[in-house]
**Q** 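Once you've had a glance at the structure underneath, I'll fire off some questions.
One-based numbering, in listed order, for ligands and for the atoms of each.
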Amino acid sequence: MATVELTAVEALDRDLRGTILLPTSAGYDQARRIWNGMIDRRPAVIVRCVGASDVVAAVNFGSEHDLLIAVRGGGHNVAGNAVCDGGLMIDLSGMRDVHAEPGLRRARAGGGATWGDFDAETQLFGLATTGGLISDTGVAGLTLGGGIGWLTRSHGLACDNLISVDIVTAAGQRVTASEEDNPDLFWGLKGGSGNFGIATSFEFQLHPVGPLLFAGMTLYPLESAQEVLVHFRDFMAGSSDELGGLAGFTTTPDGQPVLALIGVYNGDLSDGEAALKPLRDFRQPLLDTFAPTPYRKIQTLFDAGTPPGLRYYWKSSFLDGLPEDGLATVISQARKRPTPDCKIFLEFLGGACARFPKEAAVFDHRDSPFNLLIIGAWQDQDQDETNRTWARDTWQAMQPFASEGVYVNYLGTESDEGINRIPAAYGAGKYEKLLGLKKKYDPTNLFRMNQNIPPEGAS
Ligand SMILES: Cc1cc2nc3c(=O)[nH]c(=O)nc-3n(C[C@H](O)[C@H](O)[C@H](O)COP(=O)(O)OP(=O)(O)OC[C@H]3O[C@@H](n4cnc5c(N)ncnc54)[C@H](O)[C@@H]3O)c2cc1C
């Protein structure tokens, strides 16, 4: 190892409850692997933490030895920020405990828990909070960037439901952030991503959800996509906050390109069935799966469509609106998808997310009605350029309909996205305040493998 003596690693090992993996260790290659198969990085040291004291020891070790630090929650970040080359990877995948307190309608999740872990424990009591659409996305990364899910229109973003976060700062201190304790830090954790420290646990407000919800999808051939999307856009605009919705361009298992409309009604089953009737009656779909469905199953509906290990490249923007020419553009780009694994998603926002006080969290895009996510996904390295080009062209074609904002959790690398995209993700009006917070909690930019807010004077 170039920068750290083995004796120092041995001393760290004695301090830990968890384990250390070096490039020669069994399990090292498995541990450095993350969701995006494009990312192939080799940390000098991986610390697999099992508790906050391990995180403190790892942070102090990284700081003392001037190591680049990467933090792994669920490992889903498309830019690959969970793993670094040559530095220290602090892996929280051993900290997945979730403890629900049904009487208080609260739950606490470890810094490496996934949404599958969270939903399993909270649905025991018919409770949930807004979480990601895929069961193995990390609670940590998703919440720290905002957190969009089926319940966003009912209950806001994941970060809007935070009660407190326990965090290890760059100084190696374990502090609590909440409305009462370190409220400035608490604000920064609601959308400021991993800039301010390593979260060891998250406490959330829960809500009664399900366990059965009326939910499902309808599929249509691309020939009818324009009229179906116009109808869906208008239908969602007139729907109550209980309805979460998404339109996606994808490919069926037998190879047919389709438009999928997904709806999840967070309320009474018969109300849901009635609410969704005009959508399901509009045109004869190729398939209609709407039915009473367990919430935990809904939370896995997309799992198979975005498997780990494929090569992924994303582009994204919030949209100001979806006029008919915007829909025609997105349909035309959907027809050009270079591989069947490529997708385009249109997420429908609004509802409780839009009503949450804008100044109460970093997340700044509450006025945006739609979020566009272009997913380049493919298997072979020799298809890299074709897929990246398609995603970039699609994003470019949709710019006339886009706002300046972008969801921080869908951003790629700064070198690819350009220097202005990170301030655009955090919001121009909030960036100055975030710089001040970064200076206070991480003045040397120890935590920089993220959508980084560099403190003044830091490299
Ligand atoms: C298949 C898939 C589905 C997705 N679905 C959704 C969705 O439905 N809704 C949505 O809003 N987003 C979604 N996302 C985006 C997701 O929110 C981001 O990729 C997020 O970064 C994932 O968090 P993670 O913990 O899994 O990632 P990781 O790659 O482990 O972490 C990402 C970054 O978060 C920070 N981080 C992680 N853990 C911690 C911690 N404990 N403390 C401090 N910082 C930490 C670090 O900076 C790290 O670099 C999805 C992503 C994928 C790949």
Side-chain angles (χ1 to χ4, degrees), residues 33-37 39 49 52 55 58-59 68-84 89-96 109-117 130-152 157-159 165-170 177 188-189 191-202 244 246 262 298-310 312-314 316 343 345 347 349 353 363 365 371 373 375 377 407-413 441-442 446-453:
R33 202 168 296 148
I34 56 169
W35 173 79
N36 187 351
I39 310 296
C49 302
V55 178
V59 166
L68 177 62
I69 292 178
V71 183
R72 186 196 195 280
H76 262 201
N77 189 260
V78 71
N81 283 329
V83 57
C84 52
M89 178 179 184
I90 301 181
D91 178 358
L92 304 193
S93 58
M95 295 173 59
R96 291 174 58 171
T114 64
W115 285 104
D117 301 330
T130 306
L133 269 49
I134 310 269
S135 66
D136 51 3
T137 302
V139 169
L142 181 137
T143 304
L144 293 170
I148 298 168
W150 296 122
L151 304 181
T152 297
L157 302 167
C159 74
V165 184
D166 288 345
I167 189 157
V168 175
T169 63
L189 298 174
S193 60
N195 273 286
F196 304 110
I198 303 185
T200 54
S201 84
F202 296 81
L246 181 148
I262 299 102
I298 295 167
Q299 288 288 84
T300 64
L301 278 181
F302 284 10
D303 283 15
T306 49
L310 289 185
Y312 288 102
Y313 177 84
W314 289 6
S316 177
K343 296 176 175 58
F345 288 160
E347 297 172 333
L349 305 173
C353 171
F363 183 91
H365 312 284
N371 196 15
L373 175 59
I375 300 182
Y407 182 29
V408 71
N409 276 347
Y410 292 171
L411 263 184
T413 57
Y441 286 98
D442 184 15
L446 189 66
F447 303 114
R448 57 185 179 277
M449 280 289 292
N450 44 44
Q451 302 301 346
N452 195 229
I453 303 162

**Q** Which is closest to atom 12 (N) of ligand 1 by heavy-atom distance: Asp166, Val165, Leu142, Leu92?
**A**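 It is Leu142 whose heavy atom sits nearest to atom 12 (N) of ligand 1.
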**Q** Considering only heavy atoms, which of Arg72, His76, Arg448 lies nearest to atom 53 (C) of ligand 1?
**A**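 Minimum heavy-atom distance to atom 53 (C) of ligand 1 goes to His76.
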**Q** May I ask whether Trp314 places a heavy atom under 4.0 Å from ligand 1?
**A**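 Right, Trp314 reaches ligand 1.
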**Q** Does the N or O separation between Phe202 and ligand 1 drop below 3.5 Å for any pair?
**A**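 For ligand 1, there is no N or O atom that lies under 3.5 Å from one belonging to Phe202.
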**Q** Does some non-hydrogen atom of Gly75 fall short of 4.0 Å from ligand 1?
**A**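 A heavy atom of Gly75 does come that close to ligand 1.
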**Q** Could you tell me whether Ile198 and ligand 1 have an N or O pair separated by under 3.5 Å?
**A**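 No: no nitrogen or oxygen of Ile198 is under 3.5 Å from one in ligand 1.
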**Q** Would you call the rings of Trp150 and Phe302 parallel, tilted or perpendicular if under 30° counts as parallel and over 60° as perpendicular?
**A**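 Trp150 vs Phe302 ring planes: perpendicular.
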**Q** Counting heavy atoms only, which of Val408, Leu144, Val168, Ile375 is nearest atom 44 (N) of ligand 1?
**A**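 The residue whose heavy atom sits nearest atom 44 (N) of ligand 1 is Leu144.
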**Q** Does Gly197 come within less than 4.0 angstrom of ligand 1, counting non-hydrogen atoms of the residue?
**A**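 Contact present.
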**Q** Measure the distances from the heavy atoms of Tyr312 to every atom of ligand 1 and state whether one is below 4.0 angstrom.
**A**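 No, Tyr312 has no heavy atoms under 4.0 Å from ligand 1.
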**Q** Touching ligand 1 at all, Gly147? Heavy atoms, strictly under 4.0 Å?
**A**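 Under 4.0 Å: yes for Gly147.
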**Q** Among Thr143, Leu133, Asn81, which one puts a heavy atom closest to atom 49 (O) of ligand 1?
**A**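 Residue with the shortest heavy-atom distance to the ligand atom: Asn81.
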**Q** Under 4.0 Å from any heavy atom of Ala199, which atoms of ligand 1 are there?
**A**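 Checking each atom against Ala199, I get 40 (C), 41 (N), 42 (N), 43 (C).
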**Q** Against heavy atoms of Asn450, which atoms of ligand 1 measure under 4.0 Å?
**A**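 Reading through ligand 1 atom by atom, the close ones are 47 (O).
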**Q** Of the backbone atoms (N, CA, C, O) and the side-chain heavy atoms from C-beta on, which set of Tyr410 has a member under 4.0 Å from an atom of ligand 1: side chain, backbone, both, or neither?
**A**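 For Tyr410, the contact with ligand 1 is made by the side chain alone.
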**Q** Does Tyr407 come within less than 4.0 Å of ligand 1, judged by its heavy atoms?
**A**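 Contact check Tyr407 vs ligand 1: positive.
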**Q** Specify the closest pair of heavy atoms between Asn195 and Gln451, including all atoms of both residues, with the distance to one decimal.
**A**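 Heavy atoms of Asn195 and Gln451 come nearest at ND2-O, 3.0 Å.
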**Q** If we ignore hydrogens and angles and just use 3.5 Å, is the side chain of Lys343 paired with the main-chain N or O of Gly305 as donor and acceptor?
**A**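 Yes; judged by distance alone, with no hydrogens or angles, the pair exists.
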